[in-house]
Every structure is written in structure tokens, then in C-alpha cells.
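Only one structure is covered here, and it is reproduced in the block below.
Nothing fancy with the numbering, it's 1 onward along the sequence.
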Amino acid sequence: MRYPRNVKIFRGGVDAAPFAGLFFATVLFMVLFYSHVFFPGVPIALAEDDEPVVMAERMVSVGQDGAIEFLGQPMDLAGFEKELAQLERRGELPARVVFDRAPGSSEKIAERVENLLKGAGVQIKVPGSRLELPEDAGFAGVANPVVVVGVNLNGQIFYQHQKIQEAALQLKLAEAVERAGGPLTLLLQADRNLPVEKVTELSKIARKAGIAQVMIGTRPPAM
């Protein structure tokens, strides 16, 4: 059975003018009425600044002669304490400072400066310093567990990657010996230019903490 077919296939041309008109009308609306689109946020007109803001360097250092440099200004200990009190009263103290001391500087003055900063609520950051070990054939190795203590050229002591006071080092080492439940070896990574007296003093602290063996960390000699 056949059904009559009355539909004929369209074989004429397609006029592109209506499609082009619709396209250009869309572009025109987008160009003229883009401001009708809502953008989240609040527009702010920034003021022009001719000169960049210069911030004081947040650093405290103690020199060999006992002079203190605070925020780029040299002063003595009394002047530092007075300046610190004034900044604290005005609420202009920095939240954190970099504290450094020159080799051979007074440990008493450095400790006083550090205590004043901590008392004012200022966080102290120790600058990274390169530790140059003496050259040798290498570390022979030991059978005991090893604890590492580092000392840089300034005499600053580091235990478990944290700066520590010499008075607290003996307590930390004694706690390590108690946790180990057996003999420990102290690997002292001291700068090669550190005075021998400082190394001897740290060795005495280790013996008082219950550590019988102390070894000096070295680095392989240059080829």
C-alpha cells in the first residue's frame, strides 16, 4: 500500500540577511547596554600617590662595642629601653623584629635587649646564618642514638631547629637522655671559627646532662 506524498523538498536559496541582522543587533545591545549587567562588589576610586611609602627596617642588632641599632637608629642600652617604652605607649611597636648580634658582642647586653623585646610583646626572629663546619674526612658514625646541637659564629645555640638559651640546653639534653633510656652521643655542629672555649663549655653542659660522648660535626674536604 502506498501513501500519497504531497511534500516537496525545498531546493531554493537561504537568505542570510535576517541572521546577519540578528547577530549585529545582539552585538549592538551588548556594546550599548553593558552597564545594565550587575557586577558584584563596591567600586572604589583609589587616590594617586606620587611617592612610595618608605617603611623603617624592622631590625635590632647589637654591635661589638655594645651599641644597639633599632629600626635603623643607633643608640645605647638606656636609649633603646626609652625608645621601646615610647613606641609601646604610642602603639607603634612592630609585631616582629629580626634580632642579630655581631661576633664578640656582649652576651649580657644581647640578653637584656632580647628580654626587653619579649617583655614588650615583640616577636623575635633570628636571621638565617651560614654554619661553616671544619673540613675532615667525614663523620665516622657511632652506635648510640645522636642528638644534634648547632652553634653559629655569633654563639647562638640551636636545638631541634629552634634557638635555645645556654641555661636551658642542659635541661633539654637531660630530657633526651631520659627518653632514650640509654647512652646518647652529642653531635656538635659548631662553626669552624667558633672559639675553642665555647666548644669546651658546651661539652661540659653535655656531660652534666648525662651525655658521655661528644663528637664535632665536620664536612668533607673540597676536592
Side chains of [X] and [Y] in contact at under 4.5 Å (non-hydrogen atoms):
{"X": "Val60", "Y": "Val98", "value": "no"}
{"X": "Leu184", "Y": "Leu173", "value": "no"}
{"X": "Met215", "Y": "Thr185", "value": "yes"}
{"X": "Leu87", "Y": "Phe70", "value": "yes"}
{"X": "Lys172", "Y": "Ile164", "value": "yes"}
{"X": "Phe80", "Y": "Val113", "value": "yes"}
{"X": "Ile157", "Y": "Leu202", "value": "yes"}

Notebook entry, point to check: Roughly how far, to the nearest 0.5 Å, is CG of Leu93 from CD of Gln86?
Noted result: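 CG of Leu93 is found 11.0 Å from CD of Gln86.
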Margin query: Distance check, rounded to the nearest 0.5 Å: Leu188 atom CG versus Ile216 atom CD1?
Written below: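 So the CG of Leu188 and the CD1 of Ile216 are separated by 4.5 Å.
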Results of salt bridge (Lys or Arg N to Asp or Glu O under 4.0 Å) for [X] - residues two or more places apart only:
{"X": "Glu92", "value": "Arg90"}
{"X": "Lys198", "value": "Glu166"}
{"X": "Lys208", "value": "none"}

Can you name the nearest heavy-atom pair linking [X] to [Y], along with the distance?
{"X": "Val177", "Y": "Ala209", "value": "CG2-O, 3.7 Å"}
{"X": "Val199", "Y": "Ala190", "value": "CG2-CB, 4.3 Å"}
{"X": "Ala176", "Y": "Tyr159", "value": "CB-OH, 3.7 Å"}
{"X": "Val214", "Y": "Ser203", "value": "CG1-OG, 4.1 Å"}
{"X": "Gly66", "Y": "Ile109", "value": "CA-CD1, 3.8 Å"}
{"X": "Pro183", "Y": "Pro145", "value": "O-CD, 3.5 Å"}

Next item on the list: Could you pull out all residues at least two apart from Lys118 that satisfy side chain to side chain donor-acceptor pair (under 3.5 Å)?
Entry: Glu114
Check: Restricting to pairs with a member in residues 75-85, which pass side chain to side chain donor-acceptor pair (under 3.5 Å), not counting sequence neighbours?
Finding: Glu81-Arg112
Next item on the list: Count the heavy atoms belonging to other residues, nucleotides or ligands that lie under 6.0 Å from CD of Glu175, then report whether that count exceeds 12.
Entry: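 Buried by this count: over 12 neighbours within 6.0 Å.
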Next item on the list: Can you sort out the partners of Val148 under side chain to side chain contact (heavy atoms under 4.5 Å, CB included), two or more places apart, ordered by chain and number?
Entry: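 Val146, Leu187, Gln189.
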